[in-house]
**Q** 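My questions will all concern the structure given below.
We count ligands from 1, going down the list as the structure has it; atoms in each ligand are counted the same way. In this chain, numbering begins with 1 at the start of the sequence shown.
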Amino acid sequence: MSASRRLRRLAVVWLPVLALAGIGAVVLPAAHAAPAAQPAKAAPGPDGAALYLQDCATCHGATARGSSRGPSLVGVGEAAVDFQLSTGRMPKKAVGYPAPPYVPILSQADIAALDRYVTALAAHGGPGIPAVTVDPNLIAEGGSLFREYCAACHSVTGVGGELVDRPIPALVGATPTQVGEAVRSGPVQMPAFGPAALDRTQLNAVVSYVSSLRHTDDKGGDPLSHLGPSAEGAVAWMLGLVALLGLARWIGKRG
Ligand code: HEC
Ligand code: HEC
């Protein structure tokens with residue numbers, strides 16, 4: 001075999017491999033960097049009072065005591081405020097309810113500023129944002145608590161249902177914190193469950209159970225600790241690459 005043919009064959013085999021390696025090198029770090037892409041907090045932070053006047057006061061009133069368009073927020077608690085904002089229910093834009101996956105209307109920083117402002121203005125006294133932990137050891141206890149307290153409305157598997165005038169959402173879209181906030185604050189027609197009904201450990205148990213419902217729904221997310229499809233895709237690429245390398249060597253050996 002002539003030197004140039006050898007070279008050409010080498011190029012034919014290795015160029016695609018190198019190209020794939022290049023793609024892998026770009027995709028893999030990008031997939032890992034994605035969750036950390038939050039912008040750095042701006043120095044003075046958003047003005048909660050200004051945001052409230054602009055986005056909330058028309059319905060809830062300048063002092064959050066309510067109007068014909070929205071209820072009073074007195075004593076609803078920071079958990080209720082954060083739940084409504086982080087699930088994109090508020091600021092209310094249209095008739096009807098947003099569906100999972102929830103996309104907040106406001107930025108994280110604006111939500112945090114409004115959580116603080118509305119709580120200080122009127123919502124104080126109600127439940128705060130609960131610190132929840134997902135613990136696999138609590139799933140079984142959470143399951144029995146769920147069947148006792150929640151399944152009547154949300155069904156045993158959490159798929160949701162229907163009340164007289166509004167749908168009961170499936171529980172797969174809420175984050176652990178949002179589940180805790182919903183339980184403690186009781187959004188609209190859902191009853192609130194305070195620490196007397198469900199103590200901290202029991203709340204963690206319910207949250208862990210609801211999270212486990214979600215996991216049965218997302219196929220393949222677990223082995224990579226939920227880095228998501230792009231990271232897994234990148235790993236698939238890398239595995240494919242190794243296979244290709246092996247194949248290329250094998251062809252090379254034969255030639
Ligand atoms: C267009 C009117 C409208 C606007 C604007 C609006 N809301 Fe609401 N809000 C409502 C209505 C109506 C409800 C009652 C619940 C429902 O129907 O979903 C509600 C419920 C809430 C609740 C739940 C109260 C409870 O008892 O748990 C909170 C908290 C809340 N709003 C906060 C806000 C904040 C903060 C803003 C601004 C970012 C805002 N809302 C903007 C109409 C509005
Ligand atoms: C009386 C019926 C009822 C019971 C009991 C009930 N819920 Fe709800 N739940 C609702 C309704 C209605 C909503 C929707 C409220 C809304 O859209 O503002 C809801 C909303 C939620 C949400 C928000 C879901 C989402 O993705 O938007 C979560 C999480 C939740 N409930 C968890 C629970 C848990 C956990 C329990 C038991 C401790 C429970 N609920 C008990 C009726 C109920």
**Q** For Cys150, counting its heavy atoms only, list the atoms of ligand 2 lying under 4.0 Å from any of them.
**A**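 Reading through ligand 2 atom by atom, the close ones are 34 (C), 35 (C), 36 (C), 37 (C), 38 (C), 39 (C), 41 (C).
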**Q** Could you tell me, atom by atom, which parts of ligand 1 come under 4.0 Å of a heavy atom of Cys59?
**A**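 In order of number, 1 (C), 2 (C), 3 (C), 4 (C), 5 (C), 42 (C), 43 (C).
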**Q** Using a strict 4.0 Å cut-off to heavy atoms of Val206, name the atoms of ligand 2 that fall inside it.
**A**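 This gives 35 (C) as the contact atoms.
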**Q** Would you mind telling me if ligand 2 is within reach of the side chain of Pro191, the backbone, both or neither, using heavy atoms under 4.0 Å?
**A** side chain
**Q** Using a strict 4.0 Å cut-off to heavy atoms of Val183, name the atoms of ligand 2 that fall inside it.
**A**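 The atoms of ligand 2 under 4.0 Å from a heavy atom of Val183 are 34 (C), 35 (C).
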**Q** Quick check on contacts: which atoms of ligand 1 are under 4.0 angstrom from a heavy atom of Arg69?
**A** 12 (C), 42 (C)
**Q** Is ligand 1 under 4.0 Å from a heavy atom in the side chain of Leu73, in the backbone, in both, or in neither?
**A** side chain
**Q** Near Arg200 CZ, under 6.0 Å, is it more than 12 heavy atoms from other residues, nucleotides or ligands?
**A**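 Counting other residues, nucleotides and ligands, CZ of Arg200 stays at 12 neighbours or fewer.
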**Q** At their closest point, which heavy atom of Ala192 faces which heavy atom of Arg184, and how far apart are they?
**A** CB-O, 3.4 Å
**Q** Where the side chain of Ser67 meets the backbone of Cys59, is there a donor-acceptor pair that is under 3.5 Å apart?
**A**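 Yes, Ser67 side chain to Cys59 backbone: donor-acceptor pair under 3.5 Å.
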**Q** Which of the atoms in ligand 2, numbered in the order shown and given with their element, are less than 4.0 Å from a heavy-atom of Phe83?
**A** 23 (C)
**Q** Which of the listed options, Ile111, Val76, Thr58, Asp55, holds the heavy atom that is closest to atom 25 (C) of ligand 1?
**A** Val76
**Q** Answer side chain, backbone, both or neither: which part of Tyr209 comes under 4.0 Å from ligand 2, heavy atoms only.
**A**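 No part of Tyr209 is near ligand 2 at this cut-off.
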**Q** Taking 4.0 angstrom as the limit and counting only heavy atoms of Val179, give me the atoms of ligand 2 inside it, by number and element.
**A** 29 (C)
**Q** Enumerate the atoms of ligand 2 whose separation from the nearest heavy atom of Pro187 is less than 4.0 angstrom.
**A**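 What qualifies from ligand 2 is 15 (C), 18 (O).
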**Q** Heavy atoms only: give me the nearest Pro46-Leu51 pair and the separation to one decimal.
**A**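 Nearest pair, atom of Pro46 first, then Leu51: CB-CD1, 4.0 Å.
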**Q** Within a distance under 4.0 Å of any heavy atom of Val81, pick out the atoms of ligand 1 and give their elements.
**A** 29 (C)
**Q** What is the minimum heavy-atom distance between Leu114 and Cys56, and which atoms define it?
**A** CD2-SG, 4.2 Å
**Q** Out of all atoms in ligand 1, which are within 4.0 Å of some heavy atom of Leu85? Include the element for each.
**A** 35 (C), 38 (C)
**Q** What heavy-atom pair brings Pro127 and Val76 nearest, and what distance separates the two atoms?
**A** CD-O, 3.7 Å
**Q** Quick one: which of Ala182, Ala192, Gly126, Ala80 has a heavy atom closest to atom 27 (O) of ligand 1?
**A**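 Nearest heavy atom to atom 27 (O) of ligand 1 lies in Ala80.
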**Q** Give me the atom names and distance for the closest heavy-atom approach of Gly180 to Val207.
**A**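 Closest pair (atom of Gly180, atom of Val207, distance): N-CG2, 4.0 Å.
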**Q** Look at atom 7 (N) of ligand 2 and find which of Glu181, Gln84, His154 reaches it with the closest heavy atom.
**A** His154
**Q** Which ligand 1 atoms are under 4.0 Å away from a heavy-atom of Leu114?
**A**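 Those qualifying, in numeric order: 38 (C).
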**Q** Would you mind listing which atoms of ligand 1 come within a distance below 4.0 Å of any non-hydrogen atom of Val188?
**A** 15 (C)
**Q** Just going by heavy-atom distances, which of Ser68, Ala57, Pro71 is nearest to atom 11 (C) of ligand 1?
**A**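 Result: the heavy atom closest to atom 11 (C) of ligand 1 is in Pro71.
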**Q** Give the contacting part of Arg89 toward ligand 1: side chain, backbone, both or neither, where contact means a heavy-atom distance below 4.0 Å.
**A** neither
**Q** Looking only at heavy atoms, what is the nearest atom pair of Arg147 and Tyr209, with distance?
**A** NH1-OH, 4.3 Å
**Q** Determine, considering heavy atoms only, which of Lys92, His60, Met190 sits nearest to atom 21 (C) of ligand 1.
**A**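 Ranked by closest heavy atom to atom 21 (C) of ligand 1, first place is His60.
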**Q** Which of parallel (below 30°), tilted (30 to 60°) and perpendicular (above 60°) describes Phe193 and Tyr149?
**A** perpendicular
**Q** Who's closest to atom 3 (C) of ligand 2 heavy-atom-wise, of Cys153, Ala174, Gly142, Ser185?
**A** Cys153
